[in-house]
Amino acid sequence: MTTRVEFLGRVRGEMRKTAGLFPATVSERPFDPGEATLAIRREMAERWPQGLERFKTEFEKVGGEFYRVAVMEDVPALIGRIAAQRPIAEMKRNGCPATRVVAWDAAALGADLTPGLTAEGLEVVVAAAGHEDEEARMKHRIAAAEAQIGVTGADFALAETGTLILLSGRGRPRATSLLPDYHVA
């Protein structure tokens, strides 16, 4: 078994073999982080269409499929269409559509998608958001491993790399995005 020290030592050794794409520098801490955050938000609001287009381009470069809906109420129908187009991993040769969905808690998603997803003919398991015990976490992990589609929110999106950043926590387990065959954020 490799220790953490050995693993990180190998990573550092590999990184020394190349100069990298650009020199690393340390950013100065802003005098007023709150004001700096507001300034970035104002700037992004002005560049939102370009940022979204850049995210879409980069996301598709890394194999993602980009969809956009006008309102949250349209999400279950979109997921239903995605499920119908996606064969279940163990039955790809038969072309069977995905049927099982695991999702974050409604509060973490910003909406309760369960009724709409159920209306689309999908079985839905939602993560518990309370003080769940180890047994509840294991049940969700098993449901996530058996699901074909995981539905989460996204806390941040990096346009430059097409990267979604998801923060885990109560009602927001990592397994929801990592274990199903397909991830919808």
Side-chain angles (χ1 to χ4, degrees), residues 4 11 27 33-34 36-38 40-41 43-45 47-83 85-86 88-89 98-118 120 122-185:
R4 181 174 190 240
V11 170
S27 296
T37 300
L38 291 174
I40 291 169
R41 284 188 178 156
E43 182 183 321
M44 260 323 288
R47 298 183 304 133
W48 174 247
Q50 298 89 346
L52 185 61
E53 187 58 35
R54 173 78 186 268
F55 175 82
K56 177 183 183 292
T57 300
E58 298 301 323
F59 186 65
E60 290 173 345
K61 281 183 184 177
V62 295
E65 291 185 33
F66 184 87
Y67 300 90
R68 188 169 183 199
V69 295
V71 292
M72 195 67 155
E73 290 77 25
D74 294 342
V75 171
L78 174 63
I79 293 173
R81 287 194 306 277
I82 291 169
Q85 298 167 359
R86 301 295 186 267
I88 298 170
T99 58
R100 293 185 305 265
V101 174
V102 66
W104 277 358
D105 178 73
L109 285 175
D112 184 3
L113 301 179
T114 303
L117 293 171
T118 303
E120 292 291 324
L122 300 168
E123 296 174 40
V124 183
V125 175
V126 177
H131 295 283
E132 63 272 4
D133 57 9
E134 188 60 29
E135 183 180 342
R137 282 192 289 276
M138 285 307 295
K139 280 184 179 178
H140 184 78
R141 198 169 296 146
I142 290 167
E146 293 173 349
Q148 292 92 30
I149 297 176
V151 179
T152 70
D155 296 290
F156 302 97
L158 299 178
E160 291 79 6
T161 60
T163 302
L164 293 174
I165 300 171
L166 287 62
L167 303 176
S168 65
R170 290 194 176 122
R172 306 163 59 102
R174 281 186 289 268
T176 307
S177 64
L178 298 174
L179 296 179
D181 298 322
Y182 304 100
H183 174 217
V184 177

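We use all heavy atoms of the structure for the numbers below, so side chains are in, but hydrogens, waters and symmetry mates are not.
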- Taking the side chain as every heavy atom from C-beta outward, state whether E53 and Q50 have any atom pair closer than 4.5 Å. no

- Item | Side chains of V102 and E146 in contact at under 4.5 Å (non-hydrogen atoms) | no

- Task: Could you tell me which residues satisfy side-chain contact (heavy atoms from CB on, under 4.5 Å) with E73, sequence neighbours excluded, listed by chain and number?
- Result: V71

- Task: For R68 and W48, work out which heavy atoms get closest and say how close.
- Result: NH2-NE1, 3.9 Å

- Message: Is there a side-chain contact (heavy atoms from CB on, under 4.5 Å) between V126 and T114? Walk through the geometry before answering.
- Response: CA-CA 8 Å; V126 177; T114 303; 3.3 Å; yes

- Measure the CE-CG distance between M138 and D133 for me, rounded to the nearest 0.5 Å. 11.5 Å

- How long is the span from the CZ atom in F66 to the CG atom in L52, to the nearest 0.5 Å? 4.0 Å

- So which heavy atom on A159 is nearest to which on G51, and how close? CB-O, 3.4 Å

- To the nearest 0.5 Å, atom CH2 of W104 lies from atom OG1 of T152 at 4.5 Å

- Message: Applying salt bridge (charged side-chain N to carboxylate O under 4.0 Å, His left out), can you list everything that pairs with E43, at least two apart in sequence or on another chain?
- Response: R47

- Any side-chain heavy-atom pair from I149 and R100 closer than 4.5 angstrom? no

- Query: salt bridge (charged side-chain N to carboxylate O under 4.0 Å, His left out) with E160: which residues, sequence neighbours excluded?
  - Reply: none

- Any side-chain heavy atom of T163 within less than 4.5 Å of one from F55? no

- Item | salt bridge (charged side-chain N to carboxylate O under 4.0 Å, His left out) against E58, all qualifying residues, sequence neighbours excluded | R54, K61

- Inter-residue atom distance L179.CG - Q148.CD, 0.5 Å rounding: 13.0 Å

- Message: With no hydrogens and no angle check, just 3.5 Å: does a side-chain donor-acceptor pair link T176 and H140?
- Response: yes

- Item | Pairwise side-chain contact, L113 with L109, heavy-atom cut-off 4.5 Å (strictly under) | yes

Only distances under 3.5 Å count here; give the side-chain donor-acceptor pairs of residues 164-174 to other protein atoms, sequence neighbours excluded, each with its distance to 0.1 Å.
unit_1	atom_1	unit_2	atom_2	d
S168	OG	R174	NH1	3.0
R170	NH2	H131	ND1	3.0
R172	NE	L167	O	2.8
R172	NH2	D155	OD1	2.6
R172	NH2	D155	OD2	2.4
R172	NH2	L167	O	3.1

- Could you pull out the closest heavy-atom pair between D112 and A106, with the gap in Å? CA-CB, 3.7 Å

- salt bridge (charged side-chain N to carboxylate O under 4.0 Å, His left out) involving R81 - partner list, sequence neighbours excluded: none

- Query: Which heavy atom of A144 sits nearest a heavy atom of A175, and at what distance?
  - Reply: CB-O, 3.5 Å

